Amino acid sequence: MGKILIIGCGGVAGVAIQKCAQNDTVFNEICIASRTKSKCDDLKAKIEAEGKSRSKITTARVDADNVDELITLIKSVKPDAVLNLALPYQNLTIMDACLACGVDYLDTANYEPEDIDDPEWRKIYDKRCKELGFTAYFDYSWQWAYHDRFKDAGIMALLGTGFDPGVTSVYSAYALKHYFDEIHTIDILDCNGGDHGYPFATNFNPEINLREVSSNGSYWENGKWVETKPMEIKREYNFEQVGMKDMYLLHHEEIESLAKNIPGVKRIRFFMTFGQSYLTHMKCLENVGMLRTDPVMHEGNEIIPIKFLKTLLPDPASLGPRTVGKTNIGCIFTGIKDGKKRSIKIYNVCDHQECYREVGSQAISYTTGVPAMIGAMMVMTGQWKDKGVFNVEEFDPDPYMEALNKWGLPWVVDENPVLVD
Ligand code: NDP
């Protein structure tokens with residue numbers, strides 16, 4: 001049917017690319033491009049050696065911080081869509097290149113600047129903190145601002161087609177379509193019951209992950225943001241197939257888009273599970289300055305502590321063989337149907353070792369990479385089609401939900417869930 005250009009060849013991209021190759025009637029051609037071309041070549045060789053896919057795979061080197069390089073690549077590959085699975089730092093440059101070439105754009109995480117000390121960015125950030133009331137470094141305003149330009153160019157951007165954001169947002173649209181007249185509250189619960197055996201490691205890009213979890217928490221209530229200290233709000237929850245876990249309230253990007261797109265919603269919260277050992281390690285690293293994102297001089301060389309830490313930590317892509325256990329990610333909705341109160345939970349359980357057997361990755365990369373492929377399929381097949389910049393919950397959830405069942409992330413609806421107080 002068409003050709004996709006995938007930027008990035010890390011943990012999430014590794015899964016998305018293999019799933020695109022499995023879905024070879026939609027993805028006839030796949031071009032994988034990243035700064036380190038050898039990683040793209042290795043993945044191409046792995047897929048070709050398995051001999052199961054009819055997709056034609058090519059590879060290229062690109063620095064996605066450079067718009068001109070991206071434009072040259074897009075013009076030579078001529079893809080139907082560009083799937084950005086590099087880092088959130090590259091979102092705007094890749095969107096610029098897609099605009100210049102008239103090609104659809106997709107990603108799994110919203111824009112965040114690499115340099116949070118850039119005075120131009122700081123000015124806008126400080127204003128946003130005051131106006132909106134949350135202090136996370138990432139927000140949707142940067143990418144939503146491209147809406148009219150994408151619309152005028154006759155192309156679309158689909159933002160946030162991972163698991164959270166992504167599947168959790170599609171669950172919200174599905175709940176609204178089939179189970180509620182009004183949704184009043186959404187609690188997104190992200191539980192990783194996996195154990196990789198290391199004292200400390202992150203399940204996806206350490207820099208992005210540690211920035212996110214060490215930030216203030218926040219939630220949306222009655223039309224405004226309420227900000228909390230990091231890990232200030234803790235709850236316990238008994239997750240199906242995982243068991244009892246501590247979970248903590250975090251700021252998370254889909255709260256921002258769901259508050260805009262789910263009419264009448266009164267409260268949206270996001271919780272993620274962490275073990276005590278993870279939190280103690282993170283606090284210690286933060287206290288000694290290892291999470292700093294600004295350059296410091298070390299024996300005559302400039303280093304950025306969090307980037308150096310990334311070099312020391314296990315590569316998330318290497319956790320696959322050693323991670324055992326399951327993830328359980330989903331949403332609890334409360335609201336009204338036919339005049340009566342109702343609550344449901346929609347969730348997926350994913351087994352780390354099953355993911356490893358299928359694609360050589362742990363479940364965090366899997367649960368993000370599969371929806372990245374599904375989002376791209378929605379766009380390439382025209383099942384989701386519009387002009388402008390959109391979040392996934394703005395489209396019909398049914399074909400996406402059907403695809404989740406087919407492509408490895410089956411979901412369950414619990415009509416009598418335990419609620420979070
Ligand atoms: P990795 O660090 O494993 O991979 C990042 C990839 O981006 C690498 O292949 C890297 O290539 C490439 N890259 C980085 N900078 C550039 C650049 N300037 N030009 C070209 N390529 C570049 O990250 P993950 O796979 O763990 O995460 C990928 C994305 O998925 C992130 O945006 C993350 O936030 C998001 N994510 C979303 C989730 C969701 O549920 N929505 C959950 C988990 C992650 P190289 O090695 O050559 O530098």
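All ligand and atom numbering here is 1-based and tracks the order in the structure. Note that this is a predicted model, so its numbers are computed, not measured.
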Is it true that the NZ or CZ of [X] lies under 6.0 Å from the centre of [Y]'s six-membered ring and within 45 degrees of the ring axis?
X      : Y      : answer
Arg322 : Tyr198 : yes
Arg128 : Tyr125 : no
Lys260 : Trp144 : yes

Centre-to-centre under 6.0 Å for Tyr174 and Trp411, is that the case here?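 Yes; Trp411 has its ring centre under 6.0 Å from that of Tyr174.
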
Residue shell around ligand 1, heavy atom under 4.0 angstrom: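 Answer by chain and number: Gly8, Cys9, Gly10, Gly11, Val12, Ser34, Arg35, Thr36, Lys39, Val62, Asp63, Ala64, Asp65, Leu85, Ala86, Leu87, Pro88, Gln90, Thr108, Ala109, Gly162, Phe163, Asp164, Pro165, Phe204, Asn205, Ile208, Thr368.
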
For the residue pair Gln90 / Asn84, report whether a side-chain donor-acceptor contact shorter than 3.5 Å exists.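 Distance-only check fails for Asn84 and Gln90.
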
With respect to His251, which candidate in Tyr219, Trp225, Trp220 satisfies the ring pair (Phe, Tyr, Trp, His ring centres under 6.0 Å) definition?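 Filter result, single survivor: Trp225.
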
